[in-house]
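Please read the structure below before turning to the comments.
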Amino acid sequence: MTADSTVVDTMTTNERENWNSKRAPWHFNLARHGDRPYIVRLSAEGYRAACIVIPCQNFNKLKDTWSMKEMPPVFLRRAPHERKLGEATVTATKVVFYQKGDTLVYNADALSLAEGSMLDALISQLPGVELKEGGGEIYVNGRYVEQLLLNGKDFFDSDRQLMLDNLPSFMVKGVKVYDKESDLDKYAGTKVKEKKLVMDVNLKKQYHIGTIVNVEAGGGTENRYMGRLFAMRFTPRSRLVAVGNINNLNDNRRPGQNTSWTPENMPTGTFTNKLGGIDYQFEDELSGFKWRTEFTGKHTSSYNYSEQSNEQFLSGRNTFGRSLSTGHSGSTQLYLSNRLDIHKEKIQWSGDLWGNFYRNDSRSGSASATFSGNPELYAGGHVPDSIQGPASGNLLRRLALNRILQTSKNNSDRVSGGADFSVFFHKLYINGTFDFNWSETKSFRHYRLDYPSSDKASDFQNRYQHTRPNYGLN
């Protein structure tokens with residue numbers, strides 16, 4: 001080849017050829033063009049190719065003669081042995097999490113979740129993350145997450161379980177965990193308060209603007225029912241969320257999330273839950289104005305009924321015991337929170353106003369009796385029912401050694417609220433806080449002990465307890 005790699009001539013040789021005692025000789029005729037350099041490329045199957053440079057040759061152009069230039073031997077190195085492999089399928093994998101500065105970033109698309117899973121199922125699969133059942137407590141590598149955010153903003157601070165139970169996992173792009181500094185530290189440029197660990201759930205780009213509605217409903221035997229609503233309208237500047245949940249199912253497991261059934265952790269009796277809430281946020285980054293309102297209402301009630309029968313074996317004669325008990329309890333909670341932030345170039349102002357109301361009511365009743373004989377042999381109806389009335393007829397007068405009737409009622413109310421504000425102006429920080437609480441408890445109890453088959457006097461007690469209202473003001 002010429003110096004510019006243009007091929008001039010080629011030849012093939014083998015080890016059987018000999019010339020001037022040289023094995024496998026090769027030669028090229030420069031044809032009186034020795035005034036230019038040439039490149040010789042030597043190649044052989046199973047070896048790596050090698051190139052040698054033939055410098056310019058000085059020929060006598062006046063004479064029709066030729067001369068031969070003998071080159072030294074060239075040794076070729078063996079090429080790497082190539083083995084033909086069978087077909088293989090290459091599958092790309094996604095990184096589940098990585099560290100970006102001081103932020104731990106989780107990739108939601110790298111997780112395998114059951115269809116219809118909510119945010120709680122996604123978070124429970126994140127490496128190093130532990131999600132406590134029921135309370136919505138989250139721990140990352142043993143540290144408690146103090147705040148759960150959605151796209152960097154608060155979301156139902158009073159009950160983070162609403163976000164965990166209702167936000168579909170397919171909307172989530174990733175989850176970030178980092179230490180967040182307070183607004184005061186950000187404005188003042190100094191460390192006044194400790195940073196708190198937060199978890200920020202980031203939505204996919206197509207869900208930054210739009211509306212999503214998630215509805216579930218179901219019914220079953222024994223008057224079982226459930227219904228759930230989650231609706232959200234969101235833009236980069238505002239967000240409106242409405243949630244609702246009503247059911248009388250004691251089991252709170254979800255498909256594809258919990259793998260074990262733990263009946264010992266389930267509440268007894270019938271448990272009914274009713275919940276509703278609204279969360280609204282508006283933010284204008286240009287004017288520095290931000291407003292947030294949250295309201296949630298929750299009511300839970302439970303009902304328990306039990307019967308018990310026993311027989312005590314004595315040397316003289318056996319005694320028989322029959323009892324029943326009922327219990328009703330319910331609680332109501334209302335929460336309202338408002339926050340206003342105004343961030344200007346020279347002044348930062350924040351204010352909060354919140355209130356909370358909680359009421360708990362419970363009622364219970366029980367009836368028990370000890371009989372000298374088997375009451376089922378004498379009673380034509382339901383024995384536990386027959387022992388509740390004040391005059392239960394011949395059955396008690398004939399067989400009942402004693403009877404105990406009890407009823408009770410308890411009421412408790414609690415109200416709390418407060419307001420606070422903070423102003424930061426030219427490194428001057430002013431903060432004011434006001435909060436109050438009030439609580440009151442009342443309880444009633446009736447107790448009656450009878451001896452129906454004897455003339456022994458009954459014991460009747462009527463108890464009433466009223467706890468003096470407790471006030472607190474700061």
Side-chain angles (χ1 to χ4, degrees), residues 97 100 103-109 111 113 116-126 129 131-132 135-140 144-183 186 195-214 228-245 254 275-285 289-296 335-341 350 352 354:
F97 68 96
K100 186 177 181 181
T103 303
L104 181 61
V105 183
Y106 292 96
N107 181 16
D109 291 335
L111 302 176
L113 298 171
S117 297
M118 297 299 165
L119 179 63
D120 55 350
L122 186 150
I123 291 181
S124 62
Q125 288 197 24
L126 299 179
V129 178
L131 175 61
K132 300 288 186 179
E137 297 181 350
I138 304 173
Y139 293 85
V140 179
Y144 175 67
V145 175
E146 298 185 52
Q147 197 172 13
L148 183 62
L149 306 177
L150 180 63
N151 281 349
K153 302 177 182 179
D154 295 333
F155 190 91
F156 278 111
D157 288 338
S158 62
D159 189 356
R160 64 173 60 174
Q161 198 69 40
L162 293 176
M163 180 175 171
L164 295 171
D165 291 345
N166 295 283
L167 186 67
S169 61
F170 66 82
M171 296 177 59
V172 180
K173 176 184 178 181
V175 178
K176 297 179 181 179
V177 180
Y178 55 91
D179 289 305
K180 182 183 178 182
E181 64 177 354
S182 65
D183 292 339
K186 186 188 304 183
K195 293 182 178 181
K196 57 184 178 180
L197 185 67
V198 300
M199 176 176 286
D200 188 4
V201 179
N202 300 126
L203 300 181
K204 296 177 181 177
K205 188 176 181 179
Q206 60 267 35
Y207 298 114
H208 284 191
I209 299 178
T211 302
I212 182 171
V213 178
N214 179 28
R228 185 167 66 176
L229 167 69
F230 177 82
M232 180 167 63
R233 170 64 182 174
F234 46 92
T235 69
R237 298 180 62 185
S238 64
R239 184 179 70 208
L240 176 62
V241 183
V243 297
N245 189 356
R254 287 170 179 77
L275 179 144
I278 295 177
D279 184 285
Y280 175 74
Q281 291 191 30
F282 177 81
E283 180 177 2
D284 187 0
E285 295 183 357
F289 176 85
K290 182 165 58 175
W291 172 266
R292 180 164 185 261
T293 296
E294 174 190 346
F295 172 78
T296 55
Y335 177 80
L336 176 64
S337 173
N338 299 277
R339 180 177 177 86
L340 174 64
D341 293 278
S350 299
D352 284 282
W354 61 276

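Just so it is clear, the structure is predicted and the values come from calculations on it, not from any experiment.
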Output yes when a side-chain donor or acceptor of [X] lies under 3.5 Å from a complementary backbone atom of [Y], and no otherwise.
| X | Y | value |
| --- | --- | --- |
| H208 | L203 | yes |
| S238 | T235 | no |
| S169 | S117 | yes |
| R339 | E294 | no |

Do [X] and [Y] touch side chain to side chain, with heavy atoms closer than 4.5 Å?
| X | Y | answer |
| --- | --- | --- |
| L164 | L131 | yes |
| K173 | D109 | no |
| V198 | L148 | no |
| L104 | F97 | yes |
| I278 | T293 | no |
| L126 | V175 | yes |
| Y207 | K205 | no |
| L340 | F289 | yes |

Show the numbers, then the answer: is there a salt bridge (Lys or Arg N to Asp or Glu O under 4.0 Å) between R292 and D279? CA-CA 8 Å; R292 180 164 185 261; D279 184 285; 2.8 Å; yes

Evaluation steps, salt bridge (Lys or Arg N to Asp or Glu O under 4.0 Å), between K180 and E146 = CA-CA 10 Å; K180 182 183 178 182; E146 298 185 52; over 6 Å; no

Electrostatic pair D284:R237 at N-O distance under 4.0 angstrom
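Salt bridge present between D284 and R237.
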
**Asked** With the threshold set at 4.0 Å, does a side-chain nitrogen-carboxylate oxygen contact exist between K132 and D120?
**Response**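 Judged by the 4.0 Å cut-off on N to carboxylate O distance, K132 and D120 do not form a salt bridge.
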
Chi angles and distances behind the salt bridge (Lys or Arg N to Asp or Glu O under 4.0 Å) call for D179, K196
CA-CA 5 Å; D179 289 305; K196 57 184 178 180; over 6 Å; no

Return the [atom1] to [atom2] distance between [X] and [Y], rounded to the nearest 0.5 Å.
| X | Y | atom1 | atom2 | result |
| --- | --- | --- | --- | --- |
| E283 | R239 | CD | CZ | 10.0 Å |
| W291 | F282 | CH2 | CZ | 12.5 Å |
| F234 | L240 | CZ | CG | 11.5 Å |
| M199 | Y106 | CE | OH | 6.5 Å |
| F230 | L167 | CZ | CG | 5.5 Å |
| T211 | R233 | OG1 | CZ | 4.0 Å |

Please report the shortest heavy-atom distance between [X] and [Y], naming the atom on each side.
| X | Y | value |
| --- | --- | --- |
| D165 | R228 | O-NH1, 3.2 Å |
| M163 | L149 | CE-O, 3.5 Å |
| V172 | A108 | O-CB, 3.5 Å |
| V145 | V140 | CG2-CG2, 3.7 Å |

Determine whether L113 and Q125 satisfy the following criterion, side-chain contact (heavy atoms from CB on, under 4.5 Å), listing intermediate values before the conclusion. CA-CA 9 Å; L113 298 171; Q125 288 197 24; 3.2 Å; yes

Please test N214 against M118 for side-chain contact (heavy atoms from CB on, under 4.5 Å), starting from the C-alpha separation and ending with a verdict.
CA-CA 11 Å; N214 179 28; M118 297 299 165; 2.9 Å; yes

**Request:** For T296 and L275, run side-chain contact (heavy atoms from CB on, under 4.5 Å): C-alpha distance rounded to whole Å, both residues' side-chain angles, the deciding distance at 0.1 Å, then the answer.
**Result:** CA-CA 7 Å; T296 55; L275 179 144; 6.0 Å; no

Next on the checklist: Please determine whether side-chain contact (heavy atoms from CB on, under 4.5 Å) holds for the pair N202 and N151, giving the CA-CA distance in whole Å, both sets of side-chain angles, and the decisive distance to 0.1 Å.
Outcome noted: CA-CA 5 Å; N202 300 126; N151 281 349; 3.9 Å; yes

